[in-house]
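Just so we're clear, the structure is a prediction, and the values are computed from it rather than from any experiment. These values consider heavy atoms only, across backbone and side chains, with no hydrogens, waters or symmetry-generated copies.
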Amino acid sequence: MSHSAFGEDRFGRFAEKTARFFGTPRYIIGQSIVVAAWIVFNSLAWLHHWDSSPFIMLNLIFSTQAAYAAPLILLAQTRQADRDKLHGELIDKKHTALEEAADTQTKKIVGLLQSNTDLTQQDKDLTEQVAKLTREIHALLTQRSAG
C-alpha cells in the first residue's frame with residue numbers, strides 16, 4: 001500500500017476513527033441530548049446560569065469542535081479515497097489478467113476449431129478417395145468377370 005501525505009501512522013488512524021464517529025447516530029443523539037440539557041439547565045431560573053442566553057460558551061464549544069471536526073473529516077475522506085483508488089487499481093489489474101486469460105483461451109479454442117475443421121476436410125477427402133477407389137475396383141472386377 002502506498003503512503004499518502006497523511007501516512008498510516010497512529011494519529012491518522014485516530015483522526016479517521018474520530019471523524020467516522022462524528023457521523024454515527026450515537027454521536028448525533030448524544031450531542032443533541034447534551035445541547036438540549038445545556039439549554040434547559042441554563043434557561044431555568046432555579047439553577048445557576050453558567051452560560052446564559054445567547055449561550056456564548058455553547059457557541060464557542062461548537063466552533064472549537066467544528067474547527068477540529070472539519071479537518072478530521074477531510075482527512076478521513078482523503079484516506080478513504082486513497083484506499084478506494086488502490087482498490088480500483090487492484091480490480092483493474094485483476095480484470096486485465098482475466099481478459100488476457102480469456103483471450104488466450106479463446107485463441108486456443110479457435111485453433112482447436114480450425115484443427116477440427118482441417119481434420120474434417122481431410123476425412124471428407126479420404127472418404128471421397130476411398131469411394132472413388134472402391135468404384136474403380138468394382139468397375140475392374142466387373143470388367144474381369146464379363147471378359
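Taking the ring-ring contact (aromatic ring centres under 6.0 Å, His included) definition, one finds that Phe14 meets it with nothing, sequence neighbours left out. Listed by chain and number, the residues in a side-chain hydrogen bond (donor to acceptor under 3.5 Å, both in side chains) with Asn59 amount to none (sequence neighbours excluded).
To the nearest 0.5 Å, the span separating NZ on Lys17 from CZ on Arg10 amounts to 12.5 Å. One finds the CD1 atom of Ile73 at 10.5 Å from the OG1 atom of Thr18 (value rounded to the nearest 0.5 Å). To the nearest 0.5 angstrom, Gln77 atom CD is 11.5 Å from Leu72 atom CG. Annotation: the span from Leu86 atom CG to Leu90 atom CG amounts to 4.5 Å, rounded to 0.5 Å. The CZ atom of Arg79 sits 9.0 Å away from atom CZ of Arg20, with the distance rounded to the nearest 0.5 Å.
Cluster membership check: Ile33 does not share its hydrophobic cluster with Leu58, using side-chain heavy-atom separations under 4.5 Å among Ile, Leu, Val, Met, Phe, Trp and Tyr. Grouping the Ile, Leu, Val, Met, Phe, Trp and Tyr side chains by contacts below 4.5 angstrom, directly or via other members, places Tyr68 apart from Leu60. Residue Val34 is not grouped with residue Ile28 when hydrophobic side chains (ILVMFWY) are merged at heavy-atom distances under 4.5 angstrom, including chains of intermediate members. Under a hydrophobic clustering in which Ile, Leu, Val, Met, Phe, Trp and Tyr are joined whenever their side-chain heavy atoms come within less than 4.5 Å, directly or via other members, Ile39 and Ile61 fall into the same cluster.
Ring geometry, Phe41 versus Trp50: the interplanar angle falls from 30° to 60°, so the pair is classed tilted.
In summary, Lys93 and Glu89 do not engage in a salt bridge, as defined by a charged side-chain N under 4.0 Å from a carboxylate O.
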- Message: side-chain contact (heavy atoms from CB on, under 4.5 Å), that's the test. Do Gln31 and Phe22 meet it? Break it down for me.
- Response: CA-CA 10 Å; Gln31 183 180 23; Phe22 286 147; over 6 Å; no
- For salt bridge (charged side-chain N to carboxylate O under 4.0 Å, His left out), just list the numbers for Glu128 and Lys132, CA-CA rounded to whole Å, side-chain angles, deciding distance to a tenth of an Å, and then say yes or no. CA-CA 6 Å; Glu128 288 173 356; Lys132 182 181 172 188; over 6 Å; no
- Message: Under the criterion side-chain contact (heavy atoms from CB on, under 4.5 Å), I'd like the reasoning laid out for Lys85 against Asp82: C-alpha separation, chi angles, the key distance, then a yes or no.
- Response: CA-CA 5 Å; Lys85 180 181 176 186; Asp82 289 345; 5.6 Å; no
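You'll find the side chain of Asp103 stays beyond 4.5 Å of the side chain of Glu100, heavy atoms only.
Here the closest non-hydrogen pair linking Pro71 and Ala66 is CD-O, 4.3 Å.
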Without placing hydrogens or testing angles, list every side-chain donor-acceptor pair under 3.5 Å for residues 109-122, not counting sequence neighbours.
unit_1, atom_1, unit_2, atom_2, d
Gln114, NE2, Asp118, OD1, 3.0
Ser115, OG, Gly111, O, 3.1
Thr117, OG1, Leu113, O, 2.9
Thr120, OG1, Asn116, O, 2.8
Gln121, NE2, Asp125, OD1, 3.0

